[in-house]
Amino acid sequence: MTQPHQPTPDDPTPGAPAEAPARGPAPDLFTWEFAADPYPAYAWLREHAPVRWTKLPSGVDAWLVTRYADAKQALADQRLSKNPAHHAETAQAKGKTGIPGERKADLMTHLLNIDPPDHTRLRRLVSKAFTPRRVAEFAGRVQELTDELIDRFAGKGSADLIHEFAFPLPIYAICDLLGVPREDQDDFRDWAGMMIRHGGGPRGGVARSVKKMRGYLADLIHRKRQALPAEPAPGEDLISALIRASDHGEHLTENEAAAMAFILLFAGFETTVNLIGNGTYALLTHPGERRRLELSLAAGETGLLQTGVEELLRYDGPVELATWRYATEPLSIGGQDIAAGDPVLVVLAAADRDPERFADPDLLDLGRRDNQHLGYGHGIHYCVGAPLARLEGQTALATLLTRLPDLALAADPAELRWRGGLIMRGLRTLPVEFTPVGPSRENTYDGRSTM
């Protein structure tokens, strides 16, 4: 395979097609200022360098794709492999393009790292276990968890909604769904907390947490396989369903099941943390749209909640860049030649604010109807956990607004900090204040969801 293109200081995008003359210098990417509001920089890239060769904070170079049409093409293009083996860079660079520690923990055989036909087989097996019906039946438990967490801080009159609500809710929910015993779930919370810090913890902490989680899941899967009854019981947990699922007589191996359970945890919890955190922040800073949603919920309606969560996914979604892809052969995206072996990152946050696709893209409109956003991807790698994330997001936001009607931001927005990291976008903290309330649930959102 050819080696990746080497950019020069005077030409950050070698071989790029001619664009309109740039107004002002290229923006700085991946700074703290950029993390707080990346959208002006993405607007510049869409106009002047829509497919741009960029050095990332890790030192790895990659193409950034920022226009909606190009992004949608790239996400569905099977010449862009998910397998890191196709990366033309050194082994050291390859280790910087995935989840820290997943190689050493033998967790590479999950849906984010493989292509057809293996991806097709595993996706089909997982889909048999992780069904929309299973998620819908879980709605009551999600509502219980939501209320339990709010009860813990409702009487204080203040909270950090990230650490006290948005973070624990999806962890406990996915643990319950997978079948992790309650007495072990705090360990998962600790491991997940280390993984979400993106370098803010001790050196090597993420890799150690990945290794611990993988070891635990392997042991749990083995124990569940040994005790699996001949016929599924009502409400059977997801790990047991993964073990039971078969495709033409072929089952998941224990290693595949461990990798699949791990990625459902890893990819599922952080996206939902950020959906709830970013979504709540957007509502608190857009009082007109918030009031619109509150009135709809008070009237017993669900339509605006449904379209509203989709709009929050588009407007400031939890996944800023899609996970890594690697060109298996020379190809073109947006008129830009991509060499075999080059890594490609689709910038979902930029594509979902493309004025060529969305009217008034920088406007938050909870009732937006024409909203084919890319927040959970596109094509064969579309997020398998999207229905669960939508359920959790709808339940969390509706219950917060219903139970804490005077919820307000307790910090200057300029003082809030966003977590560093390449793929995800989320707040470190979200301090809020409200009139203290008791644990009564008479006015709680009833958990109805349209997914």
Side-chain angles (χ1 to χ4, degrees), residues 29-42 57 146 149-150 152-153 156 158-173 189 192-201 206 266-287 289-290 293 308-309 311-321 347-350 352-353 362 364 366 373 375-376 389-390 392-401 404 407-434:
L29 305 180
F30 310 117
T31 64
W32 288 112
E33 293 77 13
F34 169 84
D37 183 10
Y39 297 103
Y42 288 149
T146 300
L149 290 169
I150 293 177
R152 296 180 186 181
F153 59 76
K156 297 191 304 179
S158 64
D160 174 1
L161 282 186
I162 300 300
H163 293 280
E164 297 180 68
F165 184 63
F167 174 69
L169 174 59
I171 283 291
Y172 292 141
R189 179 172 176 165
M194 180 60 67
M195 291 157 64
I196 205 172
R197 290 184 187 181
H198 298 305
V206 175
F266 184 85
F269 90 87
E270 190 171 2
T271 55
T272 308
V273 173
N274 295 344
L275 169 57
I276 296 170
N278 298 3
T280 303
Y281 176 68
L283 293 174
L284 292 178
T285 52
H286 293 78
E289 289 301 285
R290 170 191 174 169
L293 180 55
V309 167
E311 174 68 347
L312 294 169
L313 285 163
R314 182 201 69 82
Y315 179 77
D316 197 10
V319 184
E320 190 165 347
L321 283 75
V347 187
L348 305 178
D352 280 343
R353 295 259 192 131
D362 296 321
L364 180 68
L366 299 184
H373 64 78
Y376 283 125
R390 286 185 167 102
E392 292 173 340
Q394 290 177 21
T395 304
L397 293 172
T399 308
L400 277 175
L401 294 179
L404 307 174
L407 188 72
L409 193 62
D412 185 332
E415 296 175 355
L416 298 178
R417 293 292 175 265
W418 297 77
R419 284 192 298 273
L422 188 64
I423 302 299
M424 301 293 184
R425 172 167 172 77
L427 286 161
R428 291 177 178 268
T429 61
L430 183 56
V432 295
E433 55 191 8
F434 47 86

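Just so you know, these numbers use all the heavy atoms, side chains as well, and skip hydrogens, waters and symmetry mates. Nothing here was measured: the structure is a model prediction, and the numbers come from that model.
- Under the 4.5 Å side-chain criterion, counting only non-hydrogen atoms from C-beta, F153 is not in contact with D160.
- Rounding to the nearest 0.5 Å gives a distance of 8.0 Å between CG of L29 and OG1 of T31.
- The backbone N or O of L366 sits less than 3.5 Å from a side-chain atom of E289, completing a donor-acceptor pair.
- Closest of all the heavy-atom pairs between F30 and P57 is CB-CG, 3.6 Å.
- Y42 has its side chain within reach of F34: a pair of non-hydrogen atoms, C-beta onward, lies under 4.5 Å apart.
- Taking the side-chain contact (heavy atoms from CB on, under 4.5 Å) definition, one finds that E415 meets it with A411, D412, sequence neighbours left out.
- M424 and E320 get closest at one heavy-atom pair: O-OE1, 4.1 Å.
- Proximity of F167 to F269: side-chain heavy atoms (C-beta onward) are separated by under 4.5 Å at one or more points.
- To the nearest 0.5 Å, the span separating CG on L409 from CG on L430 amounts to 6.0 Å.
- Scanning for side chain to side chain donor-acceptor pair (under 3.5 Å) contacts around T146 gives an empty result, with sequence neighbours left out.
- Heavy atoms only, all atoms of each residue included: A396 and I276 are closest at CB-CD1, 3.7 Å.
- Residues T272 and L169 form no side-chain contact, since every pair of their non-hydrogen atoms from C-beta on lies 4.5 Å or further apart.
- Residues satisfying the side chain to side chain donor-acceptor pair (under 3.5 Å) criterion with D37, sequence neighbours excluded, are absent altogether.
- Closest heavy-atom contact between P413 and Y281: CB-OH, 3.3 Å.
- Side-chain contact between L407 and R290 is present, with at least one heavy-atom pair separated by less than 4.5 Å.
- Residues T429 and H163 have side chains in contact (heavy-atom distance under 4.5 Å, counting atoms from C-beta outward).
- Put simply, CG on L313 and CG on N274 are 11.0 Å apart, with the number rounded to the nearest 0.5 Å.
- Remark: L149 CG to E164 CD distance equals 9.5 Å, nearest 0.5 Å.
- One N or O on the side chain of T285 and one on the backbone of A282 form a donor-acceptor pair closer than 3.5 Å.
- L161 CG to I150 CD1: the interatomic distance, rounded to the nearest 0.5 Å, is 8.5 Å.
- Partners of F165 by ring-ring contact (aromatic ring centres under 6.0 Å, His included), not counting sequence neighbours: none found.
- The shortest side-chain heavy-atom distance between L364 and L312 falls under the 4.5 Å cut-off.
- Residues Y315 and H286 are in side-chain contact: their nearest non-hydrogen atoms beyond the backbone lie under 4.5 Å apart.
- By the side chain to side chain donor-acceptor pair (under 3.5 Å) test, D316 pairs with Y39, R425, sequence neighbours left out.
- With sequence neighbours left out, Y172 forms a side chain to side chain donor-acceptor pair (under 3.5 Å) with D186, R189.
- With rounding to the nearest 0.5 Å, the separation of CG in N278 from CG in L427 is 5.5 Å.
- Here the closest heavy-atom approach between residue V309 and residue G393 is recorded as CG2-C, 4.4 Å.
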